[in-house]
Trainee: 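Have a look at this one before I ask anything.
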Number of protein chains: 2
Amino acid sequence: MAALQKSIDKRNSLIKATIGLVNNNGFHATPMSKIAKMAKVSPATIYLYFENKQDLVNQTYIEVKAAYTNYAFATYHKNMSVEQGFEIIWKRIADFKLKDSENAMFLAQCDNTPMIDETSRQEGIKHLEPLLELWNRGIEEGIIKPISEYLLYAYAINPLSFLMMSAQRSAFTLDTTHIEEAYVAAWNSIRVIK
Amino acid sequence: MAALQKSIDKRNSLIKATIGLVNNNGFHATPMSKIAKMAKVSPATIYLYFENKQDLVNQTYIEVKAAYTNYAFATYHKNMSVEQGFEIIWKRIADFKLKDSENAMFLAQCDNTPMIDETSRQEGIKHLEPLLELWNRGIEEGIIKPISEYLLYAYAINPLSFLMMSAQRSAFTLDTTHIEEAYVAAWNSIRVIK
DNA sequence: ACATAAAAAATGAACGTTCATTCTTTTTTT
DNA sequence: AAAAAAAGAATGAACGTTCATTTTTTATGT
């Protein structure tokens, strides 16, 4: 195998191990030694790919966040109507959180703890631009309530994280009916009701 | 001062120190030595009040959760209409999260990490009974959508946590206008729209 | 093609530090 | 004076990171 590919594989397996262990134990309860063991690598090798533990988790965060937003916006185009655009993006996000719940859980933990550097967090937010643009367009067209983007996000998108966490932790199982109901609730919370 | 009162004070200041330090640094990055220092107590003394670090944080969680739900349901009575009841509880919760953001942040972090024992988490959930009862009544009366309590919570209550965290972390400031807008969004997401 | 030497990558063991917890002594209360 | 509470110092384990060596890869000359 080409040396470059081997390097990429090793880095990927380190990132994957980090996600798995942090999900189960939290940042500070996952030692580098365990990450190394899970990735089948020596602890010292991690430091060839990452500066230190903080750098490893920052890079993991940015990478997972990029994969998430790529997936979310993959089928969206700027010439769609606001309703269409919102439904498509919302359902892609739901899809990601259901199917790729390992990654989704990791993002949720990062977004709710002081685990990630502030700069890396900012970097992650940047990727959400298309959604903010869509909302602004919706507000201009009188379709979406003229409220802060924080409120829009809180009611339209974030509840999906909560649902995913509930499904992970309790006996609650998220099926397609729930997703449709959740979509209706999301849309009703942010649209202008006449 | 009475010895009993002194004991209570010492325990309270340990719990307060725990909340402050965990909020800023996370569970595993707050050493017992720092908690002791902030509470003006010897590290050894902590072990007279709590079994170990995990027990300290579990008890802190349960105590804060109880204060939260007490506040949330203080002005609610079972003979209120569903609309009234929901508005009153919702706004009390908003009030708590705004005014007592230290405690609210602590709960948010506990609820989004593997920091708390599963049993303590369950214990915390119990206190929400009155709200679940209200929702069931709302569903029976055809006022609230007949969907899972997880969905109701995700759209009606949890967004407030997200908003509080955003306000803490970014330049975003939550004022009374936002709260009213958020309340309308919450209600529209869970009520039956005719 | 192949042997070989230089370079790079990877390793396991070791280091210094930090932490939760305990032990022994001192202080405070009864 | 006895008992209880509190203290600071000590302990052992675990951690992130680095160091000295070994293994693997790459480049070179035949």
Side-chain angles (χ1 to χ4, degrees), chain A residues 1-61 106 109-110 113-117 120, chain B residues 1-61 106 109-110 113-117 120:
Chain A
M1 197 193 305
L4 178 65
Q5 186 54 48
K6 238 176 110 179
S7 260
I8 293 172
D9 288 350
K10 209 163 272 190
R11 189 173 177 282
N12 283 342
S13 78
L14 280 168
I15 285 187
K16 197 159 193 182
T18 302
I19 294 167
L21 289 167
V22 168
N23 275 350
N24 281 317
N25 310 107
F27 174 56
H28 279 96
T30 70
M32 295 295 259
S33 57
K34 270 195 196 166
I35 295 174
K37 196 164 284 176
M38 184 171 264
K40 287 178 183 161
V41 138
S42 158
T45 305
I46 302 181
Y47 292 84
L48 300 174
Y49 293 84
F50 305 95
E51 244 177 73
N52 49 38
K53 194 183 179 186
Q54 186 64 56
D55 181 48
L56 164 61
V57 81
N58 283 342
Q59 287 200 40
T60 302
Y61 173 72
F106 181 77
Q109 192 170 167
C110 290
T113 61
M115 182 173 130
I116 296 291
D117 278 356
S120 300
Chain B
M1 197 192 304
L4 178 64
Q5 185 56 47
K6 237 177 108 177
S7 261
I8 293 173
D9 288 350
K10 210 164 272 193
R11 190 175 177 282
N12 283 342
S13 76
L14 280 169
I15 284 187
K16 196 160 193 181
T18 303
I19 294 167
L21 288 168
V22 168
N23 274 350
N24 281 316
N25 309 107
F27 173 57
H28 279 95
T30 71
M32 296 295 259
S33 56
K34 270 194 195 168
I35 295 174
K37 196 165 285 177
M38 184 171 263
K40 287 177 182 161
V41 137
S42 157
T45 304
I46 301 180
Y47 292 83
L48 300 174
Y49 293 85
F50 304 95
E51 243 177 74
N52 50 38
K53 193 182 178 187
Q54 187 64 55
D55 181 48
L56 165 59
V57 80
N58 283 343
Q59 287 199 40
T60 303
Y61 173 73
F106 181 76
Q109 193 170 167
C110 290
T113 62
M115 182 173 129
I116 296 291
D117 277 356
S120 301

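Just so it is clear, the model here is predicted, and its values are computed rather than measured. Order of the sequence lines fixes the chain letters, A, B, ..., with proteins taken first and strands second; residue numbering starts at 1 for each chain.
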Trainee: What do the steps show when you test M115(A) against T113(B) for side chain to side chain contact (heavy atoms under 4.5 Å, CB included), and what is the final call?
Mentor: CA-CA 11 Å; M115(A) 182 173 130; T113(B) 62; over 6 Å; no
Trainee: Among T60(A), T18(A), L56(A), which residue satisfies the side chain to side chain contact (heavy atoms under 4.5 Å, CB included) criterion with F50(A)?
Mentor: L56(A)
Trainee: Side-chain N or O of K34(A) versus OP1/OP2 of dA14(D): is the shortest distance under 4.0 Å?
Mentor: no
Trainee: Return no unless some side-chain N or O of T45(B) is found under 4.0 Å from OP1 or OP2 of dA7(D).
Mentor: yes
Trainee: With DNA chain D as reference, determine whether A29(A) or E51(A) sits nearer its 5' end, using the nearest nucleotide of each.
Mentor: A29(A)
Trainee: What is the separation between atom CZ on R11(A) and atom P on dA9(C), rounded to the nearest whole Å?
Mentor: 15 Å
Trainee: In whole angstrom, what separates F27(A)'s CZ from dC15(D)'s P?
Mentor: 13 Å
Trainee: So if I take every side-chain heavy atom of M32(B) and compare against dT17(D), dA20(C), dT22(C), which nucleotide ends up nearest?
Mentor: dA20(C)
Trainee: Which nucleotide in the list dA7(D), dG12(C), dG16(D) gets nearest to the side chain of A44(B)?
Mentor: dA7(D)
Trainee: Whole Å only: how far is the NZ atom of K40(B) from the P atom of dA6(D)?
Mentor: 16 Å
Trainee: Atom NZ of K37(A) and atom P of dT11(C): how far apart are they, to the nearest Å?
Mentor: 14 Å
Trainee: Whole Å only: how far is the CG atom of L48(B) from the P atom of dC23(C)?
Mentor: 14 Å
Trainee: Does Y49(B) reach a base, just sugar-phosphate, or nothing at all? Heavy atoms under 4.0 Å.
Mentor: sugar-phosphate
Trainee: At what distance, to the nearest 0.5 angstrom, does CG of L14(A) lie from CD1 of I35(A)?
Mentor: 8.0 Å
Trainee: What is the distance, rounded to the nearest whole Å, between atom NZ of K10(B) and atom P of dT28(C)?
Mentor: 11 Å
Trainee: At under 4.0 Å, does any side-chain N or O of K53(B) touch on OP1 or OP2 of dC19(C)?
Mentor: no
Trainee: Report yes if the side chains of V57(B) and F27(B) come closer than 4.5 Å at any heavy-atom pair, otherwise no.
Mentor: yes
Trainee: Would you mind reading off the distance between I46(B) atom CD1 and dT22(C) atom P, rounded to a whole angstrom?
Mentor: 13 Å
Trainee: Measure from CD1 on I35(B) to P on dT21(C) and round the result to the nearest Å.
Mentor: 10 Å
Trainee: Is any side-chain heavy atom of N58(B) closer than 4.5 Å to one of Q54(B)?
Mentor: yes
Trainee: When you get a sec, tell me which of dT21(C), dT17(D), dA7(D) is the closest nucleotide to the side chain of P43(B)?
Mentor: dT21(C)
Trainee: So, is Y47(B) near the phosphate of dC23(C), with a side-chain N or O under 4.0 Å from OP1 or OP2?
Mentor: no
